[in-house]
Amino acid sequence: MHKELDALLDLLDLEQIEEDIFRGVSRSAIIPRVFGGQVAAQALVAAGRTVPEDRLAHSLHAYFLRAGDPGAPIVYTVDRIRDGRSFTTRRVVAVQHGQPVFHLSASFQTYEEGMEHQAPMPPAPDPETLPTAAQMLPKYAGHFLDAGVVDRMLEARAAVDLRYVDAPPYGSIGEPREPRSQVWFRTNGKLADDPLLHVCLATYVSDMTLLDSVLLAHGRGGWATGDVVGASLDHAMWFHRPFRADEWLLYDQESPSASGGRGLGQARIYTQDGRLAISVIQEGVVRVPR
């Protein structure tokens with residue numbers, strides 16, 4: 001297993017300090033605050049640890065309340081809201097320095113047969129034909145606020161092989177484009193068969209690029225270039241069909257709206273053979289610096 005993936009799995013393996021109370025730590029991020037995908041994934045781990053194994057996560061709804069301190073542990077308290085015959089609901093509050101920094105509600109369901117249909121997978125090139133982050137990022141080093149951003153981005157994303165179909169926002173600064181973005185991703189190594197693990201890793205990755213399409217519409221490069229400031233506000237995911245996070249997944253993203261200092265991103269995640277696995281929506285603060 002890739003050592004960075006091993007470190008990420010350790011990050012998601014929370015310490016249980018009391019019944020329904022867990023503690024997690026953080027890893028380095030591109031900017032000096034806790035990465036939102038990390039706290040969302042850890043909160044989902046905490047919720048899943050209190051649910052029977054035969055109930056799989058089918059949705060989550062979350063709010064980012066405060067910027068997390070990467071130097072301090074995060075305590076996750078789980079409320080067992082409901083245990084029904086088919087569905088289980090959990091609420092998780094993440095706390096640092098005595099204050100809530102994140103809130104998540106998650107729902108789990110026993111497997112059952114039902115009606116089937118899905119939106120078709122959009123066209124996308126073979127991920128193996130696309131440049132890796134290590135091949136792509138150094139080309140844009142001059143666009144960032146400091147040269148160390150490239151190394152920090154590579155380190156923060158080393159556990160995941162994430163490949164852009166087209167140039168990322170920082171590759172086309174000043175050139176507004178259609179508010180759509182596609183990336184392929186998978187973990188850099190094989191994972192165990194635990195379905196919760198794959199869902200949590202997809203949750204982790206889902207916060208990396210979802211607001212790219214907002215930036216593309218305005219020709220902005222992103223937080224690392226200094227032409228916008230922002231943060232995730234809320235995040236929702238629906239898990240439709242089984243998938244593996246260690247196999248290629250297409251993250252097809254678009255932005256239908258930006259206004260009031262906020263931008264909305266919505267996306268669908270498909271398996272390589274065309275099954276719709278996940279739907280995602282996120283709103284974030286996206287402000288132009290004065």
For the side chain of [X] and the backbone of [Y], is there at least one donor-acceptor N/O pair under 3.5 Å apart?
| X | Y | answer |
| --- | --- | --- |
| Gln135 | Thr132 | yes |
| Trp184 | Pro125 | yes |
| Arg220 | Asp227 | yes |
| Asp234 | Glu283 | yes |
| Ser255 | Pro179 | no |
| Asp151 | Leu154 | no |
| Asp79 | Ile81 | no |
| Arg244 | Lys190 | no |
| Gln42 | Val25 | yes |
| Tyr251 | Ala267 | no |

Picking from Gln282, Gln253, Glu254, what satisfies side chain to side chain donor-acceptor pair (under 3.5 Å) with Gln266?
Glu254
Heavy-atom distance under 4.5 Å between the side chains of [X] and [Y], does that happen here?
| X | Y | result |
| --- | --- | --- |
| Val101 | Leu65 | no |
| Ile74 | Val95 | no |
| Leu249 | Tyr270 | no |
| Glu178 | Leu216 | no |

So, for Tyr204 and Phe35, is the gap between ring centers shorter than 6.0 Å?
yes
Flag the pair Tyr170 / Tyr140 as yes when their ring centroid distance falls below 6.0 Å, and as no otherwise.
yes
What's the verdict on ring pair (Phe, Tyr, Trp, His ring centres under 6.0 Å) for His58 and Phe87, showing C-alpha distance, side-chain angles and the deciding distance?
CA-CA 10 Å; His58 76 84; Phe87 291 89; 5.4 Å; yes
Salt bridge or not between [X] and [Y]? Use side-chain N to carboxylate O under 4.0 Å.
| X | Y | value |
| --- | --- | --- |
| Asp246 | Arg186 | no |
| Asp166 | Arg180 | no |
| Arg241 | Glu116 | yes |
| Arg90 | Asp20 | no |

After noting the C-alpha distance and the side-chain angles of Gln109 and Glu112, does the key distance pass the side chain to side chain donor-acceptor pair (under 3.5 Å) rule?
CA-CA 9 Å; Gln109 181 190 13; Glu112 61 181 81; 3.2 Å; yes
Ignoring hydrogens, what is the shortest heavy-atom contact between [X] and [Y]? Give both atom names and the distance.
| X | Y | answer |
| --- | --- | --- |
| Ala43 | Val92 | O-CG2, 3.7 Å |
| Thr89 | Ser107 | OG1-OG, 4.3 Å |
| Gly284 | Leu211 | CA-CD1, 3.9 Å |
| Leu210 | His235 | CD2-CE1, 4.2 Å |
| Ser172 | Arg177 | OG-NH1, 2.8 Å |

Kindly compute the distance separating NE2 (His198) from CG (Leu56), expressed to the nearest 0.5 Å.
12.0 Å
Quick one: pull up CG in Asp161 and OG1 in Thr187 and give me the separation to the nearest 0.5 Å.
9.0 Å
Donor + acceptor pair across side chains of [X], [Y] (<3.5 Å):
| X | Y | result |
| --- | --- | --- |
| Asp69 | Gln96 | no |
| His61 | Ser105 | no |
| Thr88 | Arg55 | yes |

Test Leu250 against every option in Gln272, Arg268, Met121 by the side chain to side chain contact (heavy atoms under 4.5 Å, CB included) rule and name the one that passes.
Met121
Mind telling me whether Phe243 and Phe239 have parallel, tilted or perpendicular rings, with 30° and 60° as the class edges?
parallel
Consider only side-chain heavy atoms of I, L, V, M, F, W and Y, link residues closer than 4.5 Å, and tell whether Tyr164 and Phe144 are in one cluster.
yes
Stepwise, does the ring pair (Phe, Tyr, Trp, His ring centres under 6.0 Å) test hold for Phe64 with Phe102?
CA-CA 5 Å; Phe64 299 90; Phe102 178 82; 5.1 Å; yes
